[in-house]
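A short write-up of the structure that comes next.
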Amino acid sequence: MAIRAEHLNYLYGAGTVYEQYALKDVSFQIQDGEFIGLIGHTGSGKSTLIQHLNGLLRAESGALYYNNENIYQDGYDMRGLRSKVGLVFQYPEHQLFEVDVFSDVCFGPKNQGLSKAEVEQRAREALIQVGLDERFWQQSPFELSGGQKRRVAIAGVLAMQPEVLILDEPTAGLDPKGRDEILDEISALHKEKRLTIILVSHSMEDVARYADRLLVMNRGEKLFDGPPKEVFSHYRELEAIGLAAPQITYIVQDLRRHGVPIAEDITTVEEARDEILRLLG
Amino acid sequence: MIRDITLGQYYPVDSVIHRLDPRTKLFGTLVFIVSLFLADNLAAYAVATLFLAVVIRLSHVPVSFIVRGLKAIVVILLISVSFNMFLTPGTVLFQLGFLKLTWEGLKIAGFMALRLIYLVIGSSVMTLTTTPNELTDGLEKSLGFLNKVGVPVHEVSMMMSIALRFIPILVEETDKIMKAQMARGADFETGNLIQKAKSMVPLLVPLFISAFRRATDLAMAMEARCYHGGVGRTKMKPLKYARQDRIGYLVYAVYFAAVLAVRAVL
């Protein structure tokens, strides 16, 4: 089992007037090789939660286990944890700093203390995995487009060869084509490299399509935890906390209201297409 | 981690002191500082203590919060107190090698310490009860007369408020960048001075780039709203003295007279 969280609590601004719960009694388990979608309204505690998973934030109370080892025990190797649980932040601008793309991707593995040959080998592999064309490798990362920067940022973490890859809204601000490409590459990493993926997203369509299981956060608490179909069957509750089900689910609900005997638990366009074709015979 | 630093620390509660016009508070702080330098006996300090205690009480800011601000001057305080204690000539109370603790030295050091502590407390009461924007507004209005001798008061105060506004943003940005680099195994804590300086590069490059980007964005947004400097510019909330400000000025006058009187009499 990769990650187990037990009763995590985290306060922002402890001891000041601005004190506020960011995580409240959050417990969950994530198995090796799962693809988790983490959804929630802005300020629901998603970002705080993922920063706990690689030890950047430390819970006030509660326990967090990685491969059955308590990461809060004395002498736990936090830097080791960070190379096993790779976290890609939302804005690539926050991590790109080198003169060219290739050296930037080398930063992570270099920090792991690997040999120069190994570092470069890993950087090459990572850049190929994210599908960044070789002609960009020697360019300054600041001259790239948004989608390309995002790829460099993901490659920078992949080059450390993590077992778990956490991505904080990797598709924010991308055009539909760039979004699909990035998500397909993440999905390929999950399928081919058996990486455990945690995808933070605002798009219900994206998580419905890719995730095996969804975690829904609201005001620092875990509200739902289950397969997308089950979670999206609570779409009324999701609307109440500023989320929604995928649009296709609403269309299916409307069809059912109009007497079409379509299956209820449809969350992706492909499923709806197959179901409608089946009905049409 | 870095978020814990409180800069430009405003304490958001509602109180009489918070509601005072920033000019009143600026002037009051000035009066208080001058009075501290005039006060030279215990009775005068008693008056100052009373004044400060009443103001703090009225401000609803917890004393512990104010005292925290003193941490910054502990070193200066220790140095100046010990210099004064041992290096002032006079009646020797106690001798340790070439160091002579004198009665006069003790007295001067005591007053010096009080003066420094009160200076810091007095000015932090002002910053704790006044938002940075109010403060620059107050300064701009109070120093408006400098316009006549060619000082661009409005521009300077605009720069000040922008700078103050950007401190928390950049602090937060630094926090995010540090985390993003730590997630890639960066180490900001261990190592010698040169290694530490080198480890700052992955932090400073993104920070500078983001600061420049924000600055150009802001300049563009200001120009898009036809900002062209201070000439002919009016305010949405012009500063206006109210009854409490007149009372404030009256209190200052009484306080200042009291300090002067105590000083003259004793």
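Note on naming: letters A, B, ... go to the chains in the order of the sequence lines (proteins, then strands), and numbering restarts at 1 for each one.
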Just wondering, more than 12 heavy atoms not from [X] lying within 6.0 Å of its [atom1]?
| X | atom1 | result |
| --- | --- | --- |
| B:Tyr252 | OH | yes |
| B:Tyr227 | OH | yes |
| A:Gln73 | CD | yes |
| B:Arg165 | CZ | no |
| A:Arg124 | CZ | yes |
| A:Tyr91 | OH | no |
| B:Arg213 | CZ | yes |

Quiz item: Which of the residues A:Met78, A:Met160, A:Gln112 is involved in the greatest number of heavy-atom pairs with chain B at under 4.5 angstrom?
Solution: A:Met160

Quiz item: When only pairs under 4.5 Å are counted, which of A:Lys110, A:Arg82, A:Glu98 shares the most heavy-atom pairs with chain B?
Solution: A:Arg82

Practice problem: Give, as side chain, backbone, both or neither, the part of A:Phe142 having an atom under 4.5 angstrom from any heavy atom of chain B. | Solution: side chain

Quiz item: Hey, does B:Met182 have a side-chain heavy atom less than 4.5 Å from the side chain of A:Leu56?
Solution: yes

Quiz item: Is any side-chain heavy atom of B:Lys179 less than 4.5 Å from a side-chain heavy atom of A:Leu87?
Solution: no

Exercise. Please answer whether the main-chain N or O of A:Gln95 pairs with a side-chain N or O of B:Gln181 as donor and acceptor at a distance below 3.5 Å.
Key: yes

Quiz item: Looking only at heavy atoms, what is the nearest atom pair of B:Gly185 and A:Arg79, with distance?
Solution: O-NH2, 2.8 Å

Exercise. Working to the nearest 0.5 Å, report the span between CG of B:Leu203 and CZ of A:Phe97.
Key: 10.5 Å

Quiz item: In Å, rounded to the nearest 0.5 Å, how long is the span from CD of A:Glu93 to CG of B:Leu207?
Solution: 13.5 Å

Quiz item: Below 4.0 angstrom, N of the basic side chain to O of the carboxylate: do A:Asp104 and B:Arg184 qualify?
Solution: yes

